[in-house]
Amino acid sequence: MKIYDIAQEVFGCAVFPGDSSPERKILSKISDGEICNLTELKMCAHNGTHVDAPYHFLDEGKTIDQVDLKRFVGYAYVAGHEGILKAEDAELILKNAREASDKSYLTDCDAYNRILIKGDAEMSEEAARVFADNNILLFGNESQTVGPLDAPMAVHLIMLGAEIVLLEGIRLGEVEEGVYMLNAAPLNLGGADGAPCRAILIK
């Protein structure tokens, strides 16, 4: 078994333009004579590697604590792509994911339900509709947002409107294309629009 850590380190993580950066405050230190080391953390729920709940862009959407954990934990398919992700690219990725799931020795493999994109990829509205129409559970990418940096709303509305959870800011540089077990369970932040997670892949 090989475990891939695909999450960013929090204090040195990438931050979406305009969001606040994580801050660490040392409350106590053993070296100062205190009984323990103690850290206080302040951060945006969408810093670094994180997941978006539907509520992020939909006022009536589910908050992160209301989303079924099966969306974050299960088989996933890693596919490489650079540049704009078009509808035909999304269709090919889903086709390859289904074929890989069918060929896998794993029992009840549904890696086509959780798609992770390796590379500098940007989702188009057309591709988002393909994933939404196929009712996938989760979509992940290396960028801090699933859509264009300067106009992410339309893609988010399509995917979150279909209750696809978005796993953003992952790091797949050491991961080859194929089927893995994903665990991207978020912190249980009641009422929140998203949450940080320590995402891992298991081969």
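The figures that follow rest on heavy atoms only: side chains count, while hydrogens, waters and symmetry mates do not. Being a predicted model, the structure only gives us computed values, none of them experimental.
Smallest separation of non-hydrogen atoms from I136 and Y112: CG2-O, 3.6 Å. Residues A121 and H81 come closest through the heavy atom pair CB-O, 3.7 Å. In terms of heavy atoms, A87 sits closest to S124 at N-OG, 4.3 Å. Across all their heavy atoms, T49 and Q8 have their closest contact at OG1-N, 2.8 Å. The minimum heavy-atom distance linking I84 with D89 is given by the pair O-OD2, 3.6 Å. Summarising the geometry of A184 relative to V51, their closest heavy-atom pair is O-CG1, 4.1 Å, with the distance given to 0.1 Å.
Exactly one residue among N141, L94, L137, L167 makes a side chain to side chain contact (heavy atoms under 4.5 Å, CB included) with I115. That residue is L94. Here the options are I3, L182, N183, the test is side chain to side chain contact (heavy atoms under 4.5 Å, CB included), and the partner is I202; only I3 passes.
Within the 4.5 Å cutoff, side-chain heavy atoms of V179 are placed close to those of C109. Between R114 and Y77 there is no side-chain heavy-atom pair separated by less than 4.5 Å. The shortest distance between side-chain heavy atoms of P22 and V15 falls below 4.5 Å. The shortest distance between side-chain heavy atoms of V155 and T145 does not fall below 4.5 Å. Put simply, the side chain of E126 does not reach to within 4.5 Å of the side chain of E88, judged on heavy atoms.
A distance of 14.0 Å separates CG of N134 from CZ of R129, quoted to the nearest 0.5 Å. Atom-to-atom distance recorded for I117:CD1 and M123:CE is 7.0 Å, nearest 0.5 angstrom. The CD1 atom of I170 lies 10.5 Å from the OG atom of S143; values are rounded to the nearest 0.5 Å. How far OH of Y75 is from OG1 of T107: 6.5 Å, rounded to the nearest 0.5 Å. Between the CD1 atom of I64 and the CG atom of L189 there is a distance of 8.0 Å, given to the nearest 0.5 Å. Of the inter-residue distances, the one linking Y180 atom OH with L172 atom CG reads 9.0 Å to the nearest 0.5 angstrom.
With hydrogens and angles ignored, the 3.5 Å screen pairs no side-chain donor or acceptor of E23 with any backbone N or O of K42. Remark: side-chain polar atoms of K118 are not paired, donor with acceptor, to backbone N or O of R171 under 3.5 angstrom. In terms of modelled atom types and a separation under 3.5 Å, the side chain of D68 and the main chain of K70 share a donor-acceptor contact. The main-chain N or O of K29 is never found under 3.5 Å from a side-chain atom of D32 such that the two would form a donor-acceptor pair. In this structure, the side chain of D102 does not engage the main chain of E99 through any donor-acceptor pair within 3.5 Å. Side chain of E174 to main chain of Y4: no donor-acceptor pair is present (N/O by atom type, distance under 3.5 Å, no hydrogens or angles). At least one donor-acceptor pair closer than 3.5 Å links the side chain of E142 to the backbone N or O of G119. Although no hydrogens or angles enter the test, the distance criterion places no donor-acceptor pair under 3.5 Å between the side chain of S104 and the main chain of A100. E9 contributes a side-chain N or O that, together with a main-chain N or O of F11, makes up a donor-acceptor pair within less than 3.5 Å. Using modelled atom types, one side-chain atom of N47 and one backbone atom of S20 make a donor-acceptor pair closer than 3.5 Å.
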Show, in sequence, the C-alpha distance, side-chain angles and deciding distance for L38 and I26, and conclude whether the side-chain contact (heavy atoms from CB on, under 4.5 Å) test is met. CA-CA 6 Å; L38 188 61; I26 305 301; over 6 Å; no
Between R198 and D5, does a side-chain contact (heavy atoms from CB on, under 4.5 Å) hold up when you go through it step by step? CA-CA 8 Å; R198 180 72 177 268; D5 184 355; 2.8 Å; yes
H46 vs D193, test: side-chain contact (heavy atoms from CB on, under 4.5 Å). Steps then yes/no. CA-CA 9 Å; H46 299 265; D193 46 272; 2.4 Å; yes
Run F131 and L85 through side-chain contact (heavy atoms from CB on, under 4.5 Å) and show every step you take. CA-CA 11 Å; F131 290 121; L85 193 66; 3.9 Å; yes
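The residues E91 and K95 are annotated as not salt-bridged, no charged nitrogen and carboxylate oxygen being separated by less than 4.0 angstrom.
With hydrophobic clusters built from ILVMFWY side chains whose heavy atoms lie under 4.5 angstrom apart, V146 shares a cluster with L58. Residue L166 is not grouped with residue F72 when hydrophobic side chains (ILVMFWY) are merged at heavy-atom distances under 4.5 angstrom, including chains of intermediate members. There is no path of hydrophobic side-chain contacts, each under 4.5 Å, that joins L160 to V67. Linking Ile, Leu, Val, Met, Phe, Trp and Tyr residues whenever their side-chain heavy atoms come within less than 4.5 Å places M159 and V130 in a single cluster. Under a hydrophobic-cluster definition in which Ile, Leu, Val, Met, Phe, Trp and Tyr are linked whenever side-chain heavy atoms come within less than 4.5 Å, directly or via other members, L187 and I200 are assigned to different clusters.
Counting heavy atoms of neighbouring residues, nucleotides and ligands inside a 6.0 Å radius, atom CD of E176 does not exceed 12 of them. For I30, the CD1 atom counts as densely surrounded, since its 6.0 Å shell holds more than 12 non-hydrogen atoms of other residues, nucleotides or ligands. By the neighbour-count criterion of 12 heavy atoms within 6.0 Å, atom OH of Y55 is sparsely surrounded, having that number or fewer from other residues, nucleotides or ligands.
In summary, the side chains of D52 and H156 do present a donor paired with an acceptor at a separation below 3.5 Å, with no hydrogens or angles considered.
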